[in-house]
Amino acid sequence: MPFRSSPPGNGADGEESDWVVIAHVRSMNEINELELVLIAVGLKTEVRRSFWGYTLLTPKVTAAPAIEQLRLYRAENRRAKVSADPPLSRVSWLGIAGFLALIWSVFLFDQGTFGRVLGYGALQAGAVFDGHWWLTITALTLHADFTHIFANSIFGCVVAWVTCRYFGTGFGLLLILLSGAFGNTLNAVVQPDTFSAIGASTAIFGGVGVICGYVANRRFVKGRSMSLNYAPIIAAVAFFALFGLGTGNTDVVGHLMGLIAGLGLGFVVGYIDPRWLGDIGQKLSLGLTVGLIAVAWFSVLF
């Protein structure tokens with residue numbers, strides 16, 4: 001609605017003394033929004049420019065109901081905005097250290113005494129459908145060369161830090177692992193039986209999806225603009241467009257499946273508060289994470 005700066009008209013209801021100011025704001029958009037609220041309930045309004053912003057006026061006889069309508073509108077608007085939970089911890093170096101220790105120990109182990117024996121842990125689409133579910137986990141810990149693991153280490157540290165900061169170290173690492181495993185499962189579904197892949201990047205994109213899905217759920221605002229409602233989803237897609245396409249042997253589908261799996265997992269997790277887990281829940285989540293990886297590799301080697 002365009003800004004109107006004309007003074008109230010003359011007449012019984014239009015005398016200057018019969019109009020009172022009921023709101024002062026700096027933004028033109030906000031003053032127009034408040035004016036629409038009153039117009040919608042049939043109240044007369046007038047907008048004027050003031051020295052430092054804008055004022056909203058209404059006839060004195062309707063000032064009380066107008067102020068009440070604005071109060072109700074602002075209260076409802078505040079209830080609609082759900083703030084994201086504050087972080088569980090200020091730092092999450094343990095999550096970063098755990099992520100790096102896992103992928104680098106497996107990489108060095110694979111390059112050393114056992115040669116390429118650990119390559120049997122790569123994702124094989126056909127084998128997954130034969131019941132070898134553990135390959136969806138072991139493949140996340142394998143990397144082809146130094147360049148591959150170095151790139152995943154950089155991005156993985158950032159994702160692990162943010163995820164563990166907001167979900168706690170144990171639960172955060174578990175979510176990253178599960179999103180990667182689910183992403184690999186989806187990747188196996190859409191790929192031919194001969195398809196093979198390795199790398200933590202599926203879990204990294206899964207972690208990004210978890211964060212964005214969680215925020216999308218916890219901060220969802222009913223009745224507001226799409227840019228506000230779906231900003232986290234748009235951010236996830238933008239991250240994929242910037243870093244997920246890659247070149248050469250990049251598993252683009254794997255990145256996309258990891259992101260999709262993470263978004264779904266994060267949205268579901270958004271219905272709970274990670275604080276409910278407490279210290280015991282975090283330790284159990286960490287134990288489950290380590291246990292799943294250990295069982296997966298035991299299934300490959302033995």
Quiz prompt | Any donor-acceptor N/O pair, Gln282 side chain to Gly170 backbone, under 3.5 Å | solution =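 Present.
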
Exercise. Give the ring-plane orientation class for Phe240 versus Phe205, where under 30° counts as parallel, over 60° as perpendicular and anything between as tilted.
Key: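 Plane angle over 60°, so perpendicular.
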
Quiz item: What class does the angle between the rings of Phe150 and Phe146 fall in, given that below 30° is parallel, 30 to 60° is tilted and above 60° is perpendicular?
Solution: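 Rings of Phe150 and Phe146: parallel, under 30°.
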
Self-check item: Minimal non-hydrogen separation, Ala200 against Ile103, with atom names
Solution: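 Taking every non-hydrogen atom into account, CB-CG2, 4.4 Å.
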
Quiz item: Quick one: are Leu56 and Leu70 in side-chain contact, heavy atoms under 4.5 Å?
Solution: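 Yes - at least one pair of side-chain heavy atoms lies under 4.5 Å apart.
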
Exercise. Take Leu173 and Cys164, measure what side-chain contact (heavy atoms from CB on, under 4.5 Å) needs, and give me the verdict at the end.
Key: CA-CA 7 Å; Leu173 291 177; Cys164 293; 3.9 Å; yes

Quiz item: Listed by chain and number, what are the side chain to side chain donor-acceptor pair (under 3.5 Å) partners of Gln191, not counting sequence neighbours?
Solution: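 Per chain and number, Gln191 pairs via side chain to side chain donor-acceptor pair (under 3.5 Å) with Asn187.
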
Practice problem: Sequence neighbours left out, what passes ring pair (Phe, Tyr, Trp, His ring centres under 6.0 Å) with Phe298? Give chain and number order. | Solution: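 Phe298 satisfies ring pair (Phe, Tyr, Trp, His ring centres under 6.0 Å) with Phe302 once adjacent residues are dropped.
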
Self-check item: Thr185 vs Phe129, side-chain contact (heavy atoms from CB on, under 4.5 Å): CA-CA, chis, key distance, verdict
Solution: CA-CA 9 Å; Thr185 301; Phe129 286 104; over 6 Å; no

Quiz item: Does the pair Leu174 and Leu292 meet the rule for a side-chain contact (heavy atoms from CB on, under 4.5 Å), with working shown?
Solution: CA-CA 9 Å; Leu174 179 61; Leu292 284 172; 4.3 Å; yes

Practice problem: Quick one: which residue pairs count as a side chain to side chain donor-acceptor pair (under 3.5 Å) with a foot in residues 129-138, not counting sequence neighbours? | Solution: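 Those involving residues 129-138 do not exist here.
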
Quiz prompt | Aromatic centroids of Tyr214 and Phe167 separated by under 6.0 Å | solution =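 Ring centroids of Phe167 and Tyr214 are less than 6.0 Å from each other.
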
